[in-house]
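Model, not experiment: these values are computed from the prediction. The sequence lines fix the lettering, A, B, ..., with proteins before strands; numbering per chain opens at 1.
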There are 2 protein chains.
Amino acid sequence: MRGSDAAPAGAADFVAAGVNIVDVARRAGVSISTVSRTLRGSLNVSGDTRERVLRAAADLSYVPSPAASRLASGRTRTIGVIVQFSARWFFAEVIRGAEGVLRASDYDLLLFNVGDPASRAHLFQTMPLRRRVDGVLAVATNFSESETTALTRLGVPLVIVGHQPGPSGAGVGIDDTESAAMAVRHLVLLGHVDIAMISGLPDDPIGRGTTLARRAGFSAGLHAAGLPDRPDRIVSEPWGVEGGRRAMERLLTRPQLPTAVFAESDEMAFGALRTLRRVGLEVPGAVSVIGFDDHELAPASDLTTIAQPAYEQGRLAAAMALDLLTGNTDEVDQRLTLPTRLVVRGTTGPPRRDL
Amino acid sequence: MRGSDAAPAGAADFVAAGVNIVDVARRAGVSISTVSRTLRGSLNVSGDTRERVLRAAADLSYVPSPAASRLASGRTRTIGVIVQFSARWFFAEVIRGAEGVLRASDYDLLLFNVGDPASRAHLFQTMPLRRRVDGVLAVATNFSESETTALTRLGVPLVIVGHQPGPSGAGVGIDDTESAAMAVRHLVLLGHVDIAMISGLPDDPIGRGTTLARRAGFSAGLHAAGLPDRPDRIVSEPWGVEGGRRAMERLLTRPQLPTAVFAESDEMAFGALRTLRRVGLEVPGAVSVIGFDDHELAPASDLTTIAQPAYEQGRLAAAMALDLLTGNTDEVDQRLTLPTRLVVRGTTGPPRRDL
DNA sequence: TTGTATGCGTTATCAA
DNA sequence: TTGATAACGCATACAA
């Protein structure tokens with residue numbers, strides 16, 4: 001049933017599986033080169049044959065074999081995306097943003113989740129990326145030097161999401177330091193002078209760079225307000241809700257309870273809020289809390305926070321990778337810094353008066 | 001370090017890009033077929049040559065070209081995963097579970113996000129899945145008949161995550177109806193008799209099947225307790241936090257406030273909690289709230305809920321797809337139903353006494 | 001156990 | 001503008 005160009009109309013519906021470029025060419029009465037040209041870009045194809053080819057392809061509901069196309073062209077039309085925890089809000093949003101852009105350009109997105117050391121080692125040792133992607137998006141992953149080298153050696157465009165302190169290259173991110181300072185400024189303007197920070201472990205692979213940058217912003221914010229920089233007011237716990245919960249518990253054991261808390265991420269802020277609610281401390285009456293991210297669930301907790309455009313970062317990073325690929329840009333060293341903004345909700349207010 | 005016995009040391013490190021099977025064969029002093037055989041499964045290869053081949057491959061840091069391999073074998077070693085909103089908790093967890101299993105078996109995971117109608121139509125019309133996957137995981141997406149047909153016509157194993165009422169096939173999911181009834185039972189045992197349900201729109205593409213099943217469980221639970229089934233106590237709003245918030249607001253306008261609320265999902269429960277907190281109604285003092293999912297942030301809200309193993313469903317579905325592919329199972333019609341469990345936290349308690 | 005040879009379905013080069 | 005034809009790099013049936 002497959003080939004016969006005189007086949008009855010409905011037949012094609014059922015055979016689509018094994019239809020190849022030869023079948024289309026035969027049906028259109030042209031050569032396979034013409035089919036190939038027509039189907040992508042159609043440069044230098046007369047309107048007439050173009051019509052015939054497209055119709056033939058549609059009739060047979062032809063889909064080019066990606067494998068063959070990749071082998072012949074050397075291009076995979078695939079972008080690899082490296083994240084640590086694909087299910088976490090930030091990563092998930094970036095992935096979603098990138099997927100949309102890539103799909104629209106008919107690119108595939110290949111996901112690499114390297115949260116645990118084993119899979120991370122696997123990625124960088126056997127380098128499965130090697131022959132399967134035309135470009136790489138590395139999301140908020142601070143790479144070691146050898147990892148960076150491995151990535152560079154791939155010889156494909158690399159776009160980093162979430163600025164890294166180190167080497168140059170293409171990237172999109174936010175200004176973590178300035179944004180953290182913005183959070184502190186908000187608290188200071190409310191009248192707070194005793195502000196603590198809840199933060200991830202500085203050597204946690206999850207986001208060392210981010211943690212350090214936001215800590216720096218915390219200090220800078222205090223400094224700008226003429227307040228003393230008090231490193232003892234920075235509490236470190238593993239990143240996440242649980243860490244936030246524990247960090248807040250630790251703050252409660254201190255002789256002096258701060259009047260406000262800046263959490264490095266909304267997730268940590270959620271944990272902190274949980275602890276405060278549990279012990280019956282009012283927010284923001286007794287303690288103000290401000291987070292970072294504007295997580296999807298921040299409104300549900302009425303959390304004041306610094307919003308960062310995660311989805312947008314994914315979109316832009318993907319677009320950037322595509323540009324790099326198609327040579328639409330000469331800027332190989334393009335770094336985009338997106339704005340963040342303060343979102344005031346109900347968890348911040350003036351300090352209590354017990355000081 | 002790498003290459004040694006023939007080529008100059010550093011060389012291999014830099015050329016890895018263009019190394020192909022011929023290079024490996026030459027270096028090992030064997031034919032390319034032997035290399036091919038050795039590198040996958042190594043059936044019928046003598047220990048000696050096997051050694052040589054592996055060493056040669058390692059020396060050259062050879063990575064087989066997936067494109068060539070796919071073209072020659074006809075297999076893609078790729079599983080397509082269709083979800084609606086890759087960033088939502090449930091989907092994200094399933095993806096994460098599947099990715100781990102697939103990666104471990106050296107399969108790629110190709111993500112298709114079809115939340116908006118346009119991309120959904122695109123997926124089913126041009127069927128980009130056609131020549132790019134060996135199997136498909138469809139996550140909690142209730143397909144139309146024509147969509148199901150299109151999927152079936154792909155001729156590859158299909159595993160559905162989240163049971164569908166309709167056709168048979170392979171699948172993994174939970175018993176939504178029984179689980180919802182479990183939630184009601186918990187409330188009934190606490191003494192509640194006036195229970196409302198907050199639910200998604202029954203014709204929302206997000207999860208019609210799920211919504212209907214959980215509603216049925218709600219009714220069944222009431223019935224089992226000898227309580228009247230009151231459809232007027234089911235409030236429908238778009239799925240999500242915002243929907244939950246509005247649904248609770250609507251309940252507040254009713255003449256009689258229920259003493260307990262069962263939310264179809266934790267996200268909706270978060271919204272409901274938000275509303276209750278805003279108007280100053282105590283939870284569970286005035287109103288008890290129970291959710292469904294055990295979302296990552298449920299503990300942070302101290303939310304009582306029905307836990308379902310999303311990550312595990314992803315793992316099992318992927319494993320099932322792999323089994324179907326390798327013929328490790330004769331059960332083409334395997335349906336796995338995983339247990340759910342009640343997780344009692346702080347948002348449920350005895351009813352208030354005003355009735 | 002190992003090697004030879006063919007085919008997989010495109011892209012791209014070169015002629016026409 | 002169109003058509004032959006040689007890669008692309010591997011898997012596999014078959015032969016040795």
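- A donor-acceptor contact shorter than 3.5 Å links the side chain of B:Arg131 to the backbone of A:Val63.
- Remark: the backbone N or O of B:Thr34 is paired with a side-chain donor or acceptor of B:Thr38 at under 3.5 angstrom.
- Within a 6.0 Å radius of CZ in A:Arg50, other residues, nucleotides and ligands contribute 12 heavy atoms or fewer.
- Across the protein-nucleic acid pair, A:Arg26 atom CZ and D:dG3 atom P stand 15 Å apart, rounded to whole Å.
- Ion pairing between a basic and an acidic side chain is recognised when a charged N comes within 4.0 Å of a carboxylate O; A:Arg52 and A:Asp48 show such pairing.
- Smallest separation of non-hydrogen atoms from A:Phe124 and A:Met127: CD2-CE, 3.6 Å.
- For the pair A:Thr49 and D:dT2, the criterion of a side-chain N or O lying under 4.0 Å from OP1 or OP2 is met.
- Atom CG of A:Asp48 and atom C1' of D:dT2 are 13 Å apart (whole Å).
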*Would you mind building the protein contact string for nucleotides 5-16 of chain C? One character per nucleotide, 5' to 3', B for base within reach (heavy atoms under 4.0 Å), S for sugar-phosphate only, - for untouched.*
--BBBBSB----
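- What you find for A:Val101 and A:Ala319 is that their closest heavy atoms are CG1-N, 4.0 Å.
- With the end axes of the helix from C:dT1-D:dA16 to C:dA16-D:dT1 each set by five pairs, the angle from one to the other reads 30° at 10° resolution.
- For the pair A:Ser46 and D:dT2, the criterion of a side-chain N or O lying under 4.0 Å from OP1 or OP2 is met.
- Taking the ring axis of B:Phe112 as reference, the NZ or CZ atom of A:Arg103 stays within 45° of it and closer than 6.0 Å to the ring centre.
- A salt bridge does not link A:Asp106 with A:Arg40: none of the charged nitrogens is closer than 4.0 Å to a carboxylate oxygen.
- Between the CZ atom of B:Arg77 and the C1' atom of D:dC10 there is a distance of 14 Å, given to the nearest Å.
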